[in-house]
Amino acid sequence: MSELTETSEGYDVHAIQERWLGVWDELAPFRSGRPDDTRPHRYVLDMFPYPSGDLHMGHAEAYALGDVIARYWVQRGFNVMHPIAWDAFGLPAENAAIKRGEDPVRWTYENIAQQRASMRRYACSFDWDRTFNTCDPEYYRWNQWFFLRMFERGLAYRKASNVNWCPNCQTVLANEQVVAGSCERCDTQVTKKKLTQWYLRITDYADRLLDDMAQLEGNWPDKVLLMQRNWIGRSTGAEVQFAIEGRPEPVTVYTTRPDTLYGATFFVVAADSDLAAELAAGTSAEAAFTAYLEQVKQTSEMDRLDSSRAKTGVFLERYAINPVNGERIPVWASDYVLADYGTGAIMAVPAHDQRDLDFARAFGLPVQVVVDAGEDPAVTGIATADDGPHVNSGPLDGLGKAEAIEAILQVLSERGTGQAAVNYRLRDWLISRQRYWGTPIPIIHCPSCGEVAVPDEQLPVVLPPAEGLDLKPKGSSPLGAAHEWASVPCPSCGEPATRDPDTMDTFVDSSWYYLRYADPRNETAAFDPQQVRQWLPVDQYVGGVTHAILHLLYSRFFTKVLCDMGLVDFTEPFTRLLNQGMVVMNGSAMSKSRGNLVRLSDELAVHGVDAIRLTMVFAGPPEDDVDWADVSPGGSRKFLARAWRLSGDVTSAPGVDVTAGDLALRKATHRAVHDAGVAIESFRFNVAIARAMELVNITRKAIDTGCGPADPAVREAVQAVAIMLSVVAPYTAEDMWARLGHQPCVALAGWPEVDPALLVEDLVTCVVQVAGKVRDRLDVPPSIGADDLRDLALASPQVVAALAGSEVKTVIVRAPKLVNIVPA
RNA sequence: GCCCUCGUAGUCCAAUGGCAGAGACACCCGGCUUAAACCCGGCACAGUGUGGGUUCGAAUCCCACCGAGGGCACCA
């Protein structure tokens, strides 16, 4: 490290870091709560970290990018709120407690202290007055408060269902937390379990979650919007009622193709549904069904998701009646029908649905073509889903798909056996967790009153100390064993009752934290609506794409609920979203087990904070992954040293009249400042840095071989470099600023004003093409008229030669940069 | 299987229908040095994955294919 001092001619990164840290603490340039602050507001938000240890390379990238945006808007004169907090509840704390006997509270707060210190050194422009931890009762009491408000509105409810269960984490998971049949957190295969759990009714908001995306179009990555759309999975079709022989009530199915109703040749119910058990009961098929159900339960989620798997099922010896033609069709049970999508039962149209066709072929069931697509699926084995004239369909014959759907809906609704319907893939959000380190669910179970809300004045329901509790996962909540804590009188009748032993999914914590920043110390409300109105919605959100569905969907849902409650007056919390890529090593994600882990603390020790930040931002477009094998933190440091040395060469005094300076250098400076600003505002930070590098190179030359160090333009250029660098390399920039004779902070110096007159070139090069080939270059004034330029181009000897006497057909003039002459 | 994104010097990346190169890494060559490092300067390197099309003009728009990455996937 001492090597750095010697090799950079005075640019000693570590000395510079030490010099300014304390000064910044003192001046707190990024405090956003000053009452007399008249600057317009802007809210830049980084996704808050989970305190599982010290900061790592991923944090370094994300926070460097967010910081560029926040610092840039400060330079542009905004009062920027750029806060940070800790997403401090969750399994790692608890697992550390189990593994090493550490108190989750202590473990968590120690990590937070370490991360906080690292962020300070990393020079993040956070407003340190607004931090909080979600594991503080002062915060999570509002989780409970929101939960109770939703409970009152019927948006929080308890139901028994087949839920996702992670055998390793020993807790249930929301649908969103199951990735390809495995636990999102630990990758263990998820199993199903029948449990009574708490849910938030996000499905009530499915349409609004979908439709409000129109507001986000263009401001969020398309990819994220697409993922959310897929996840919500709205489909339109119809519900159709089928009578079942020997059953008083008909069974409703959902289909997107009601027009193919005449082609339904059998009926399938989900094997694991209550309906299947009911229909099988008492029939001669019951034994076969029970055996089949057992086999289905053994099938892992992974295998179940494999769509190439052969179809299985069992005939229930029951029959359904097709409501349009009275046909008697057999009822089967199979696991290719899902119990929790639609109604858990389908009409099977093998000719026009591949899954149904596969099933029909496996069990020798008939195939009836009702849409003529020129091929017979029974022969080809390929179901036809295309449009075509309907056949064998009574009144639908001859109609195309759209007309047939309309016609059949008409028939069904007239007869009262069906109607148009919408279905969603989205399920309600399961929020109960059978773990300790989370927000207690504020419900008391009373033998006589049932589920009773904890009265608001008794909030927060504080977690009991972990000491003395067995936190080992065993499938039931550790809190249930905290008898003293759990035993309370019923708030309603006063009889002995027990607290709900489960804790909330930690995604509840992060679903509204961005609101708390506006008013983080409020003890009487989650936030003051007035404060929230001032700052929100978030102008710019920065975070990883890993949260494309989970956190972002839940947050959007919460915002809409709060809007309905009148607590906020907007429906979308994050106006703009930037997804940064990951930091990888040699093409693959860094991990200890792969042996390719690069430690942030090591990199910082070798290259310094500024060089690491610069490397992250300069590596490429922010949404691309940064491959640490492809970048050069040493090169970044070299550039910073080069820029820094400029500040020592300037001999003019601060405040010198720059308008008298060298014109060429001034033009370069204003061009660089202008272009860098445009680039930053369109998230092309790497390009902005390239502009700064260019200006450094030009200024170096001007000092050494041009106008010389005393020219006022040199001062103007170097000051511009310092300010441009202040958004990405704050230590270097601050030191340059001081060496230029200014007081700190450069962060508040203001983005240099660009003089439009200096952006205009005296002469521009006009390319003259003949038939698209460049034949000549003309230096012309930028204001040249099209006709003048055309004449000039046609007079060019090179053009005349290239035309070789042939007639000119067209001349395309794009003054002042291009003329294209098209010969006949 | 369906959908999306992306293929530009040895490498990372610029170029938003108009001269393919802004910036950087690595390499090489000079200058500085007793020498080296640092520093300064410079050279060189691709015709844009492939094949068609639209256009006066295509890295950019359209189609097909190849390759890479990502999302969804028995959702009726």
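Reminder, nothing fancy here: chain letters follow the sequence lines and each chain counts from 1. Since the structure is predicted, the reported quantities are computational estimates derived from the model, not experimental observations.
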Nearest of B/rC56, B/rC72, B/rC4 to any side-chain atom of A/Ile549?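 Comparing B/rC56, B/rC72, B/rC4 against the side chain of A/Ile549, the answer is B/rC72.
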Does A/Asp610 have any salt bridge (charged side-chain N to carboxylate O under 4.0 Å, His left out) partners at least two apart in sequence or in another chain, and if so, which?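 Salt bridge (charged side-chain N to carboxylate O under 4.0 Å, His left out) check on A/Asp610 returns nothing, list empty.
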Can you find a donor-acceptor pair, distance only, under 3.5 Å between [X] side chain and [N] base?
X	N	answer
A/Gln354	B/rG1	no
A/Asn230	B/rC72	no
A/Lys809	B/rC56	no

List the residues meeting side-chain contact (heavy atoms from CB on, under 4.5 Å) with A/Glu623, not counting sequence neighbours, and say none if there are none.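 Listed in chain order: A/Leu578, A/Pro621.
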In chain order, what residues pass the side-chain contact (heavy atoms from CB on, under 4.5 Å) check against A/Gln769, with sequence neighbours excluded? A/Val767, A/Val774, A/Leu818, A/Asn820
Contacts to RNA chain B from residues 216-225 of chain A, heavy-atom cutoff under 4.0 Å, which residues? A/Lys223
Base-pairing string, 5' to 3', of RNA chain B - Watson-Crick or wobble, under 3.5 Å, | interstrand: (((((((..((((....[..).)))..((((.......))))......(((((..]....))))))))))))....
Give the intermediate values and the outcome of side-chain contact (heavy atoms from CB on, under 4.5 Å) for residues A/Leu614 and A/Leu640. CA-CA 9 Å; A/Leu614 178 66; A/Leu640 291 171; 3.9 Å; yes
Which whole-number value in Å describes the distance from A/Asp627 CG to B/rU11 P?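 Nearest whole value for this atom pair: 13 Å.
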Tell me whether A/Asp353 is salt-bridged to A/Arg257, with the criterion being a basic N under 4.0 Å from an acidic carboxylate O.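 A/Arg257 and A/Asp353: not salt-bridged.
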Using nucleotides 14-17 of chain B, report all nitrogen or oxygen pairs with the protein that are shorter than 3.5 Å.
from, atom 1, to, atom 2, distance (Å)
B/rA15, OP1, A/Arg684, NE, 3.3
B/rA15, OP1, A/Arg684, NH2, 3.3

